[in-house]
Novice: 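Quick one: the structure is below, questions incoming.
Atoms considered below: every heavy atom in the structure, side chains included; atoms not considered: hydrogens, waters and symmetry mates. Letters go in sequence order (proteins before strands), and every chain restarts at 1.
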Amino acid sequence: MSITQERTNSIIGTRMLRREDPALLTGEAKFTNDLVIPGALHLAVLRSPYAHARIKSINVSDALAMPGVVAVYTGKDLRDAWAAPMPCAWPVTPDMKNPAHFPLALDKVCYVGDGVVAVLANSETESRDALDAIDVAYEPLQAITDLEVALSDKTIIHEDLGTNKSYTWNLKVEATEGAVDEAFKNAAFSVSERYIQQRLIPMAMEPRAVVAVPQPFGGDITLYSATQVPHILKVMTAITLGIPEHQLRVVAPSVGGGFGSKLDVYAEELLCVALSRKHGAPVRWVEERSENTQATIHGRGQIQNIELAADKDGKLTAVRVRLIGDMGAYLQLVTPGVPLLGAFLYAGVYDLPVAYDFSCTSVFTTMTPTDAYRGAGRPEATYAIEVAMDALARKMNIDPYELRKRNYIKKEQFPYTAFSGLTYDSGDHLAAAEKAMGHADYAAVRKKQATQNVAGARKRLGIGMTSYFEMCGLAPSRVLASLNYGAGGWESATVRVLPTSKVQVVTGTSPHGQGHETSWAMIAAEKLGVAPEDVDVLHSDTAIAPLGLDTYGSRSLAVGGVAIAGACDKVIDKARLIAAHQLECAAEDLEFAQGTFSVKGSPDKAVPLAAIAFAAFTAHNLPDGVEPNLEAQYTHDPKNFSWPFGAHICIVEIDTETGKVDVLKYIAVDDCGIQINPLIVEGQVHGGVVQGLAQALYEEAVYDTDGNLKTTNLAEYLVPAACDVPPITTDFTVTPSPTNQLGVKGVGEAGTIGAASTVMNAVIDALSGLGVTKLDMPASPNNVWKAIQAAQGGK
Amino acid sequence: MKVSITINGSAQSHDVEPRTLLVHYIRDQAKLTGTNIGCDTSSCGACTVHLDGEAAKSCTILAAQADGGAVTTIEGLATNGEMHPMQKAFMENHGLQCGYCTPGMVMAAIGLLNENPKPTDEEVRLGLEGNLCRCTGYHNIVKSVLAAANK
Ligand code: FES
Ligand code: FES
């Protein structure tokens with residue numbers, strides 16, 4: 001298929017400024033908590049102060065007497081409001097254990113922040129004030145914050161399950177039985193590493209907010225929520241509450257970032273809908289930040305054991321991985337699937353023989369549930385293989401880049417069928433890495449390092465790299481079926497040319513900072529030959545865009561954007577029939593370019609799309625069998641995942657006396673295929689890199705042994721500020737994806753996937769001369785200093 | 001208690017509880033929802049406005065403390081339908097993604113240039129220390145502020 005790059009006057013590929021910006025820059029944009037809904041009651045939720053406890057009794061009478069309080073509900077009061085427990089859409093194995101989870105706890109609380117009592121009052125302050133007047137008697141039980149302790153089943157969190165283990169999921173692929181064991185036995189070199197993926201708090205700057213507006217007599221209900229997934233939320237809310245799906249409308253107004261944390265169905269969404277129906281009045285809830293850190297999902301949370309076997313040249317011969325996944329107290333929407341999204345990526349970008357042994361066991365703990373956080377499974381996998389590659393290079397005493405070069409899947413091997421059976425669409429890892437090396441001036445840094453990192457030097461220089469693959473474009477529906485996921489992976493688009501020739505694009509994606517309105521208009525404008533300003537993009541309201549699977553997993557462009565191109569093709573096909581009728585020629589004799597149909601060979605016989613649109617609207621003179629109006633709907637189900645890739649390099653200087661890591665330079669060379677809008681692509685990389693770098697250097701959700709979260713707010717949880725991060729050098733290679741007509745791959749998670757291992761490899765590179773070859777994230781001054789002391793003391 | 005504050009040039013007066021924060025006064029009483037709330041520890045800067053010409057986090061000030069003062073919010077920056085040069089610079093340099101931190105970031109950035117009209121990259125980064133953004137990685141925010149300074 002010809003790729004848009006070759007076109008002249010292309011709109012695709014230009015740095016068009018975002019149409020979203022003026023409203024956001026002037027305060028005109030409305031986030032959920034900005035909506036003015038007269039007569040709304042305010043919901044506040046009393047949360048458990050214990051990580052694990054039985055609820056002995058709840059006394060709400062004082063709260064009921066508080067000013068402005070309308071009603072108070074316990075979990076038991078509302079038990080009948082739920083037709084089903086809160087949803088988990090991804091039962092990864094047939095025997096997966098999934099505890100019943102309701103919006104308010106019934107007999108037991110299982111993490112600090114678990115909802116216990118709901119208060120409805122006339123104002124937000126009154127609802128919160130009343131929480132203090134509720135008296136709950138708890139019988140505290142043993143908290144479990146250690147994954148290996150959880151696995152021992154000494155204390156069982158969900159007694160009815162009989163175990164803390166949720167599931168074990170295996171992916172063992174061997175060319176011949178025993179190939180993995182054999183490879184390790186015969187390995188010239190091998191490494192066995194253990195890494196901790198610390199828990200992270202997503203911290204979208206907009207906390208969650210919900211408003212449910214019922215129509216007690218009309219019967220319908222509208223749910224406004226700060227969500228990434230209005231479509232999924234609609235289906236799941238209907239099922240959980242047992243209300244007819246067609247009477248529910250879900251709207252995601254402007255949404256202030258998500259990063260996976262708003263890819264969920266939350267207790268407060270269900271409570272607002274249930275209580276608004278009960279009271280026949282709108283109900284609203286807004287999350288405070290210190291509530292957000294406990295009541296909104298966390299990310300990561302894995303113990304990773306990875307072993308690499310290699311021959312004498314360092315060519316990988318087998319990979320073995322054992323994971324323990326921290327589910328937290330309950331399974332949220334896709335919690336159990338997160339580690340599996342990385343399951344195929346622990347061999348990274350390397351040409352591995354069919355000798356791969358992956359197993360993940362996931363456990364319940366008494367901490368906030370985890371779920372997808374930017375990258376979801378893939379940053380974890382990339383981290384493990386890329387940090388382990390550096391360990392292997394150290395063991396072999398060769399340069400880590402040299403080791404990678406010996407193992408890269410080569411450009412000419414694409415499309416490449418991996419050990420897993422998945423096909424990697426296109427790539428050129430060496431080209432990306434060479435470009436990054438050029439920006440870094442690798443040889444010069446190594447030279448400087450040799451003179452700088454001498455014994456006794458206070459400041460040590462380090463350089464680290466990562467080559468990554470991002471499995472995205474979620475997802476081919478049939479592959480999802482084989483992973484037992486509870487839905488498809490398609491995306492829908494409708495394209496409509498209005499009578500005055502303006503265009504409406506309706507998409508099932510649901511942006512929250514990605515600039516879809518701008519990029520989707522560019523795609524439609526390019527396809528239809530109209531000006532981007534003449535294209536409006538409608539989204540995030542199930543009454544306007546009834547079909548969709550929303551925005552996560554870098555899927556929006558690779559699936560939703562391609563759906564728009566497909567819908568444009570259908571519009572053009574239909575317009576062609578009308579044009580042929582008007583020009584009295586055969587449809588095949590027409591060519592369509594720059595928004596005009598013309599007869600091949602006689603360009604003066606032509607009719608613009610605008611005229612066709614009006615003709616389709618009046619329907620006065622349409623060919624037989626052609627319906628009036630110019631509109632088409634198209635659903636794209638991708639044939640394959642898309643495989644963006646890239647190479648990142650980080651240069652750090654570490655003060656060995658304070659342990660402080662200074663990032664001198666960060667270089668990201670990414671390849672996301674064809675870029676619709678490079679301005680937006682760069683922005684996605686910048687933000688993604690900083691989120692990955694933040695995991696490497698700053699962030700960690702810290703729990704004490706009693707299961708109390710110690711980092712409950714932005715003063716304690718270190719989201720980096722501008723002065724904590726470096727400028728980022730971005731560059732690109734462009735390898736179109738052959739599996740979709742736009743040649744696109746997706747870019748939302750790329751930066752995060754590449755960054756954490758890149759930074760940590762640089763940190764360890766700086767310190768390995770001191771004997772530090774292992775360091776858990778975050779590489780905070782304290783952790784770095786301690787590692788140096790331990791290594792030096794051990795000498 | 002009664003509090004009188006001039007907001008974006010319009011004199012207003014509302015009854016508030018003594019504990020009302022300026023940010024709630026702006027959002028709930030003055031009904032200007034462009035000023036956002038991102039935290040409860042005065043850490044994020046999403047609520048930054050100008051009080052008597054200086055950038056301030058409106059969640060750290062009681063409405064009562066601003067009595068008699070003049071507040072400018074993000075809604076008050078554009079004149080005659082034209083965005084303020086800082087707003088334009090953010091647009092031209094892709095200094096925002098989800099836009100939630102943006103009103104506060106823009107107000108803080110204007111405050112920064114008022115104090116230091118020609119800052120370096122480093123000075124911009126330090127000057128915006130109190131404003132968090134989760135989307136942009138700050139790269140294009142810094143670029144936006146430098147671009148506005150060089151106009
Ligand atoms: S809301 Fe004021 S600093 Fe965060
Ligand atoms: S643009 Fe989203 S938080 Fe800054």
Side-chain angles (χ1 to χ4, degrees), chain A residues 15 17-18 20-31 33-36 125 202-207 254-259 286 288-291 511-515 679-680 682-691 693 713-716 719-725 727-728 730 751, chain B residues 17 19-20 24 27-28 31-46 73-78 83-84 86-88 90-103 106 121-122 124-143:
Chain A
R15 303 172 71 86
L17 300 184
R18 298 199 326 166
E20 289 87 345
D21 290 357
L24 293 166
L25 277 163
T26 53
E28 199 173 277
K30 294 282 173 259
F31 295 90
N33 196 35
D34 297 340
L35 302 176
V36 176
T125 353
M203 293 286 191
M205 288 315 300
E206 180 205 22
S254 284
V255 176
F259 318 109
V286 61
E288 291 189 313
R289 179 59 64 188
S290 48
E291 199 175 13
H512 37 283
Q514 297 87 344
L679 186 73
I680 291 178
E682 286 164 17
Q684 290 294 310
V685 173
H686 294 150
V689 163
V690 166
Q691 247 166 330
L693 181 145
N713 56 51
L714 282 167
E716 289 153 343
V719 168
C723 53
D724 302 319
V725 300
I728 292 154
T730 48
Chain B
E17 281 189 57
R19 64 172 168 169
T20 303
H24 289 130
R27 290 180 54 88
D28 301 339
K31 309 244 179 277
L32 294 168
T33 55
T35 303
N36 291 325
I37 301 172
C39 73
D40 40 20
T41 46
S42 27
S43 311
C44 77
T73 70
I74 192 74
E75 288 94 338
L77 286 185
M83 285 197 287
H84 183 279
M86 186 63 78
Q87 290 169 310
K88 284 191 195 160
F90 268 68
M91 171 140 181
E92 283 157 12
N93 294 283
H94 190 25
L96 65 153
Q97 292 183 25
C98 79
Y100 197 77
C101 72
T102 308
V106 167
D121 177 293
E122 191 77 20
V124 172
R125 286 180 184 271
L126 282 169
L128 294 178
E129 190 174 18
N131 290 69
L132 298 178
C133 172
R134 195 56 153 168
C135 298
T136 63
Y138 304 102
H139 187 100
N140 285 343
I141 289 178
V142 176
K143 204 169 157 193

Novice: Examine whether an atom of B:Glu92 lies under 4.5 Å from a heavy atom of chain A, and if so say whether it belongs to the side chain, the backbone or both; otherwise answer neither.
Specialist: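 Its backbone and side chain both get close to chain A.
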
Novice: Compare every heavy atom of B:Arg27 with every heavy atom of A:Asn33, then report the nearest pair and how far apart it is.
Specialist: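 Of all heavy-atom pairs spanning A:Asn33 and B:Arg27, the closest is O-NH2, 3.1 Å.
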
Novice: Top residue by heavy-atom pair count (under 4.5 Å) with chain B, among A:Gly688, A:Pro720, A:Ala204, A:Gly258?
Specialist: A:Pro720

Novice: Heavy-atom pairs under 4.5 Å with chain B - which of A:Val286, A:Val255, A:Val725 has more of them than the others?
Specialist: A:Val725

Novice: Who are the side chain to side chain contact (heavy atoms under 4.5 Å, CB included) partners of A:Thr730, not counting sequence neighbours?
Specialist: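 Side chain to side chain contact (heavy atoms under 4.5 Å, CB included) check on A:Thr730 returns A:Glu682, A:Val685, A:His686, A:Ile728, A:Phe732.
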
Novice: Flag the one option from B:Gly76, B:Gly127, B:Pro103, B:Cys135 with the top tally of heavy-atom pairs under 4.5 Å to chain A.
Specialist: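 Max contact count across the listed options: B:Cys135.
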
Novice: Measure B:Asn36 against the heavy atoms of chain A and call it side chain, backbone, both or neither at under 4.5 Å.
Specialist: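 It is the side chain, since no backbone atom gets that close.
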
Novice: Side chains of A:Ser290 and B:Asp40: any donor to acceptor distance under 3.5 Å?
Specialist: yes

Novice: Closer than 4.0 angstrom, basic N to acidic O: yes or no for B:Asp121 and B:Lys143?
Specialist: no

Novice: Please classify the contact of B:Met83 with chain A as side chain, backbone, both or neither, using a heavy-atom distance under 4.5 Å.
Specialist: side chain

Novice: With a 4.5 Å cut-off on heavy-atom pairs, point out which of B:Gly34, B:Cys101, B:Ser43 contacts chain A the most.
Specialist: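 Ranked by contacts with chain A, first place is B:Ser43.
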
Novice: Holding to ring-ring contact (aromatic ring centres under 6.0 Å, His included), I want the full list of residues that pass it with B:His94, two or more places apart in sequence or in another chain.
Specialist: none

Novice: Could you tell me whether the side chain of B:Tyr100 reaches within less than 4.5 Å of the side chain of A:Pro207, counting heavy atoms only?
Specialist: yes

Novice: Is it the side chain or the backbone of A:Gln684 that comes within 4.5 Å of chain B heavy atoms, both, or neither?
Specialist: both

Novice: Please give me the minimum heavy-atom distance between B:Arg19 and A:Thr125, naming the atom from each residue.
Specialist: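 Of all heavy-atom pairs spanning B:Arg19 and A:Thr125, the closest is NH2-CG2, 3.2 Å.
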
Novice: Measuring heavy-atom distances to chain A, does B:Leu132 have an atom under 4.5 Å in its side chain, in its backbone, in both, or in neither?
Specialist: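 Its backbone and side chain both get close to chain A.
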
Novice: Would you give the length of the straight line joining atom CD of A:Glu206 to atom SG of B:Cys98, rounded to the nearest 0.5 angstrom?
Specialist: 7.5 Å

Novice: Just how far is it from atom CZ of A:Arg18 to atom CD1 of A:Ile680, taken to the nearest 0.5 Å?
Specialist: 6.0 Å

Novice: Side chain, backbone, both or neither: which part of B:Thr136 has a heavy atom under 4.5 Å from chain A?
Specialist: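 Only the backbone of B:Thr136 comes within 4.5 Å of chain A.
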
Novice: Considering only heavy atoms, which portion of B:Ile37 lies under 4.5 Å from any heavy atom of chain A: side chain, backbone, both, or neither?
Specialist: backbone

Novice: Under 4.5 Å heavy-atom distance to chain A, tell me which part of B:Tyr138 shows up: side chain, backbone, both or neither.
Specialist: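 For B:Tyr138, the side chain is the part near chain A, not the backbone.
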
Novice: With a 4.5 Å cut-off on heavy-atom pairs, point out which of B:Thr73, B:Leu96, B:Asn131, B:Val124 contacts chain A the most.
Specialist: B:Leu96

Novice: Heavy atoms only, distances under 4.5 angstrom: which of A:Gly515, A:Ala715, A:Pro511 has the most pairs with chain B? Name it, please.
Specialist: A:Ala715

Novice: Looking only at heavy atoms and a cut-off of under 4.5 Å, which of A:Ala29, A:Gly683, A:Gly257 has the most pairs with chain B?
Specialist: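 The answer is A:Gly683.
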
Novice: Go through A:Val689, A:Leu17, A:Asp724 and name the one with the most non-hydrogen pairs under 4.5 angstrom from chain B.
Specialist: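 Sorted descending by pairs with chain B, the first entry is A:Leu17.
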
Novice: Might you point out which heavy atoms bring A:Leu714 and A:Met203 nearest each other, and give the distance in Å?
Specialist: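 Taking every non-hydrogen atom into account, CD2-SD, 3.7 Å.
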
